[in-house]
Amino acid sequence: MPIQHTADPPNVEAALSDLGAGTTPTELFYTRCNFPIPRLDLGTWKLETSGAFGRPRAWTMDELRGLPRVEQTITLECAGNGRTLMTPVPPGTPWGLGAVGTARFGGVRLADVLAASGLQSGAVELIFSGADHGSVEPEGEISYEFNLDVGTARADGPMLAWTMGGEPLTPEHGYPLRLVVPGHYGMRSVKWLTRITAVEQPFVAHFPRKYRYRGERGVIDGTAVGPIRVRSLITWPEDGAHLAIGPLTLRGIAWSGSNSIEHVEVEVDGSWLPARLGRPPDGTGPVPWSVEWAPSAAGRHALAVRAADAGGHEQPEASVWNEGGYGNNVVQRIVVEVDPEALQ
Ligand SMILES: Nc1nc2c(c(=O)[nH]1)N[C@H]1C(S)=C(S)[C@@H](COP(=O)(O)O)O[C@H]1N2
Ligand SMILES: [Mo]
């Protein structure tokens, strides 16, 4: 069952037990909305390309459908996932570890739309504007806007998607069109997209200013939040679960925004064991892992999981604090109880 933090606008995380191997069903996929959901009508909706484009224009959905179609399995994770494991807990939505999900997105390559609009060589960044808006401090009324550097934007990964799990996007996930940037934390994957502006100077605005690792390891202004840090989760059993004694299989997933997963280890009662890695869904989703375990005694058992990626990144043993509570990929620890009455 998903865990709802706010109802209107919806901010909802997944139960870890719903994040098994494979893609996440849309109704269980986490939702992160800063402002009320805009209700957009395909009859009047258009995607404007403006600024440093040789052929700026307003695209209809039918015109976008005329470009080569792509589908990709992509993991979206909120930069605030794991925030409540920091001490003190930074302000913001109190995410546990379920603000992550994997879906098959369908649409077109961002690079194809940029090329067809004649992106000019002087452009350094693209600004993506959503139709949602609201009041923030200190700016007042703003739209949701986020930037992406031209190099990343023209690469193969980023896409403009109108389907998720083979169905049109739902209102909460960005109907009718959203940006999806694989490998980056979710804030860049702008929903309810209505405009792409190419700019020749770096973009400074509320959300890009907010998403920085401010105060991390003593660096006052920090660096911009970008690639998803390596993380692994135990998806079965749940924290606090009561288990029957006997052989069982611990299961979970591991992913990283910048590299493939190199190994996953699971700590059982104080010893680290290598996990068996499975095949990621469609080759690009999270890596499923499993470990066989036969609890030898009733009572409480501590379990933990940690992953390392091929770039040499590992998960920290202790949360690395920053003001926004972003990118906390601390090792996950749970406790399970083997019930004496379940002893055979
Ligand atoms: N227009 C718009 N796009 C947005 C947001 C938003 O509030 N407005 N939230 C962002 C954040 S912080 C995240 S984590 C992802 C979440 O996408 P989802 O709700 O489809 O899971 O959307 C991003 N795109
Ligand atoms: Mo997010």
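Position 1 is the first residue of the sequence, and the numbers go up from there. Remember, it's 1-based here, ligands and their atoms both numbered in the order they're listed. Reckoned from all heavy atoms, side chains included, excluding hydrogens, waters and symmetry mates. Quantities reported herein were computed from a predicted structural model and do not represent experimental measurements.
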key: Within 45° cone and under 6.0 Å: Arg276 NZ/CZ vs Trp289 ring   = no

note = re atom 14 (S) of ligand 1, the protein heavy-atom contact at minimum distance is Tyr30 OH, 3.2 Å

query = Any idea which of Phe29, Tyr144, Phe146, Phe35 brings a heavy atom closest to atom 2 (C) of ligand 1?
reply = Tyr144

query = Is there any N or O on Glu77 that sits under 3.5 Å from an N or O of ligand 1?
reply = no

task = Could you check atom 17 (O) of ligand 1 against the protein and tell me its nearest heavy-atom contact, residue, atom and distance included?
result = Arg178 NH2, 3.2 Å

remark   = Residue, atom and distance of the protein heavy atom nearest atom 15 (C) of ligand 1 read Gly186 O, 3.5 Å

request  = Test Arg229 against Glu77 for salt bridge (charged side-chain N to carboxylate O under 4.0 Å, His left out), laying out the working first.
outcome  = CA-CA 10 Å; Arg229 292 174 169 173; Glu77 180 178 10; over 6 Å; no

key: Proximal ligand 1 atoms for Asn34, defined as those under 4.0 Å from one of its heavy atoms   = 6 (C), 7 (O), 9 (N)

Location of contacts on Asp132 toward ligand 1, heavy atoms closer than 4.0 Å = side chain

request  = With heavy atoms of Cys78 as the reference, note each atom of ligand 1 found under 4.0 Å away.
outcome  = 14 (S)

query = Can you find an N/O atom of Tyr211 closer than 3.5 Å to an N/O atom of ligand 1?
reply = no

message = Suppose we call two aromatic rings close when their centres sit under 6.0 Å apart. Are Phe128 and Tyr144 close by that rule?
response = no

remark   = Among non-hydrogen protein atoms, atom 3 (N) of ligand 1 lies closest to Lys191 N, 2.9 Å

inquiry  = Which of the numbered atoms in ligand 1 are under 4.0 angstrom from any heavy atom belonging to Trp192?
reply    = 1 (N), 2 (C), 8 (N)

ask   = Taking non-hydrogen atoms only, is Tyr185 closer than 4.0 angstrom to ligand 1 via side chain, backbone, both or neither?
value = neither

task = With heavy atoms under 4.0 Å as the rule, classify the contact between Arg188 and ligand 1 as side chain, backbone, both or neither.
result = neither

Ser189 contact mode with ligand 1 (heavy-atom cut-off under 4.0 Å) = backbone

Check: Tyr326 ring centroid to Tyr185 ring centroid under 6.0 Å = no

remark   = protein heavy-atom neighbour closest to atom 9 (N) of ligand 1 works out as Arg32 O, 3.5 Å

query = Does any donor atom in the side chain of Trp59 or Glu48 lie under 3.5 Å from an acceptor atom in the other side chain?
reply = no

query = Do you see a donor-acceptor pair shorter than 3.5 Å between the side chains of Thr31 and Glu172?
reply = no

Met61-Leu169 co-clustered via ILVMFWY side chain contacts under 4.5 Å = yes

task = Can you sort out which atoms of ligand 1 are near Val190, meaning under 4.0 Å from one of its heavy atoms?
result = 1 (N), 3 (N), 24 (N)

task = Indicate whether any N or O donor in one side chain lies under 3.5 Å from an N or O acceptor in the other, for Ser135 and Glu141.
result = no

inquiry  = Among Val100, Thr284, Val230, exactly one meets side-chain contact (heavy atoms from CB on, under 4.5 Å) together with Trp255. Which residue is that?
reply    = Val100

task = Would you kindly say whether His242 and Glu337 are connected by a side-chain donor-acceptor distance under 3.5 Å?
result = no

